[in-house]
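The residues of the chain are indexed from 1 along the displayed sequence. Please read all numbers here as calculations on a predicted model, not as lab measurements.
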Amino acid sequence: VAYLVVFHILFVLFVWTYWKSVFTLPIQPGKKFHMSYADQERYENEERPEVQRQILAEIARKLPVYTRTGNGGIRFCDRCQLIKPDRCHHCSVCAMCVLKMDHHCPWVNNCIGFSNYKFFLLFLAYSLLYCLYIAATVFKYFIKYWTVTRHSPEPWRSPEPACGELTNGRSKFHILFLLFVAIMFFVSLMFLFGYHCWLVSRNRSTL
């Protein structure tokens, strides 16, 4: 009973964080980072790149923007028509600029950024514990898989299985498959979770 209680607690936490990672919408920068209609007209009508950079610098003078492009200019998104805050990037899949974007994750079909990075990190942590718990509880049955059959001393009786041995061929396959998948995902998630923990400790992001 205790095994089932722990299993379902981890399962509920795993599903909840996955749900939040998938359905928490990414956040765009605030309205103050969007260009006004007059500034858009002035920027688009200007053909000289150096003057365009000056226009963006004037608009961004009162904004909390510190990151610059390679040539020292203000980071500007032509598709969203906004000045990008620090760590903001345009996602081509979501077709929007995402605040503090880390990456677009195909496993959750969503952008991982300011709004759901906490849930994504918890999802990795609970997935790691979930796989570890499954592998640990299945391992003893994997050991029983290698138990040698105890032969009956009477030749007319069929061999008797040793105590606790798995006799069903399908159950043996299920145990082997479950242990292999749990260990495989555990190792993969361990590296991914460790990498994101390192990023958080350095106050960095993937992009």
Side-chain angles (χ1 to χ4, degrees), residues 1-34 64 77 79-80 82 84-145 166 170-207:
V1 176
Y3 284 163
L4 289 176
V5 171
V6 176
F7 173 84
H8 284 92
I9 289 175
L10 290 176
F11 179 74
V12 169
L13 292 173
F14 164 77
V15 173
W16 175 71
T17 52
Y18 180 74
W19 177 274
K20 296 293 287 185
S21 299
V22 172
F23 293 103
T24 301
L25 298 177
I27 297 178
Q28 278 189 310
K31 292 183 178 180
K32 63 180 180 180
F33 292 95
H34 290 73
C77 181
R79 285 164 286 189
C80 297
L82 58 83
K84 295 181 182 178
D86 298 342
R87 300 187 181 185
C88 176
H89 300 277
H90 185 88
C91 178
S92 58
V93 180
C94 298
M96 61 181 291
C97 283
V98 180
L99 194 62
K100 198 182 177 182
M101 178 180 175
D102 187 84
H103 67 286
H104 185 90
C105 182
W107 298 104
V108 300
N109 193 28
N110 197 6
C111 267
I112 306 301
F114 179 80
S115 60
N116 60 352
Y117 187 75
K118 177 184 72 172
F119 300 118
F120 176 74
L121 203 62
L122 288 173
F123 166 66
L124 293 181
Y126 290 133
S127 302
L128 192 69
L129 292 175
Y130 189 56
C131 292
L132 179 63
Y133 184 79
I134 292 176
T137 52
V138 168
F139 186 72
K140 66 177 183 179
Y141 297 101
F142 174 75
I143 297 298
K144 290 180 181 180
Y145 172 77
L166 297 175
R170 290 184 178 179
S171 63
K172 291 180 179 180
F173 172 76
H174 291 164
I175 293 300
L176 287 174
F177 179 77
L178 188 59
L179 182 65
F180 173 76
V181 172
I183 293 177
M184 180 181 66
F185 276 99
F186 172 77
V187 173
S188 303
L189 290 168
M190 181 177 62
F191 285 106
L192 184 59
F193 180 67
Y195 174 66
H196 278 279
C197 288
W198 179 81
L199 290 175
V200 171
S201 66
R202 296 292 190 274
N203 193 21
R204 298 173 60 180
S205 57
T206 303
L207 294 178

Within-4.5 Å side-chain heavy-atom neighbours: Lys84 and Leu82 | yes

Got a second to check how far Tyr117's OH is from Thr206's OG1, nearest 0.5 Å?
-> 6.0 Å

Does CZ belonging to Phe139 count more than 12 external heavy atoms closer than 6.0 Å?
-> no

For the pair Asn110 and Val22, evaluate side-chain contact (heavy atoms from CB on, under 4.5 Å) and give the outcome as yes or no after the intermediate values.
-> CA-CA 6 Å; Asn110 197 6; Val22 172; 5.6 Å; no

Check whether any side-chain heavy atom of Phe33 sits under 4.5 Å from a side-chain heavy atom of Pro64, and report yes or no.
-> yes

Distance from His196 atom NE2 to Ser205 atom OG, nearest 0.5 Å?
-> 10.0 Å

Parallel, tilted or perpendicular: ring planes of Phe14 versus Tyr130, cut at 30 and 60 degrees = parallel

Would you call Val6 and Leu10 a side-chain contact if the rule is heavy atoms closer than 4.5 Å?
-> yes

Output the distance between atom CG (Leu132) and atom CD1 (Ile183), rounded to the nearest 0.5 Å.
-> 10.0 Å

Does a side-chain heavy-atom distance below 4.5 Å link Ile9 with Leu13?
-> yes

Do you know the tightest heavy-atom contact between Pro26 and Met96?
-> O-CE, 3.8 Å

Check whether any side-chain heavy atom of Phe186 sits under 4.5 Å from a side-chain heavy atom of Ile134, and report yes or no.
-> no

Are Phe193 and Leu121 side-chain neighbours, meaning at least one heavy-atom pair lies under 4.5 Å?
-> yes

To the nearest 0.5 Å, how far apart are SG in Cys111 and NE2 in His90?
-> 9.5 Å

Under 3.5 Å donor-acceptor, Ser201 side chain and Trp198 backbone | yes

Can you list the steps and then say if Leu122 with Lys20 is a side-chain contact (heavy atoms from CB on, under 4.5 Å)?
-> CA-CA 10 Å; Leu122 288 173; Lys20 296 293 287 185; over 6 Å; no

At what distance, to the nearest 0.5 angstrom, does SG of Cys97 lie from CD1 of Ile27?
-> 14.0 Å

Here the gap from Arg79 atom CZ to Ser92 atom OG, rounded to the nearest 0.5 Å, amounts to 7.0 Å

For Cys91 and Cys94 the tightest heavy-atom approach is SG-N, 3.3 Å

With no hydrogens and no angle check, is any side-chain donor or acceptor of Asn116 less than 3.5 Å from a backbone partner on Gly113?
-> yes

Between Leu207 and the options His89, His104, Lys100, the side chain to side chain contact (heavy atoms under 4.5 Å, CB included) test singles out His89

Nearest heavy-atom contact between Leu179 and Ala135 is CD1-O, 3.7 Å

Full working for side-chain contact (heavy atoms from CB on, under 4.5 Å) between Tyr3 and Tyr133 = CA-CA 9 Å; Tyr3 284 163; Tyr133 184 79; 3.4 Å; yes

Describe, in one word, how the ring planes of His103 and Phe120 are oriented to each other, choosing from parallel (under 30°), tilted (30 to 60°) and perpendicular (over 60°).
-> perpendicular

Check against side-chain contact (heavy atoms from CB on, under 4.5 Å), Phe119 and Trp19 = CA-CA 9 Å; Phe119 300 118; Trp19 177 274; over 6 Å; no

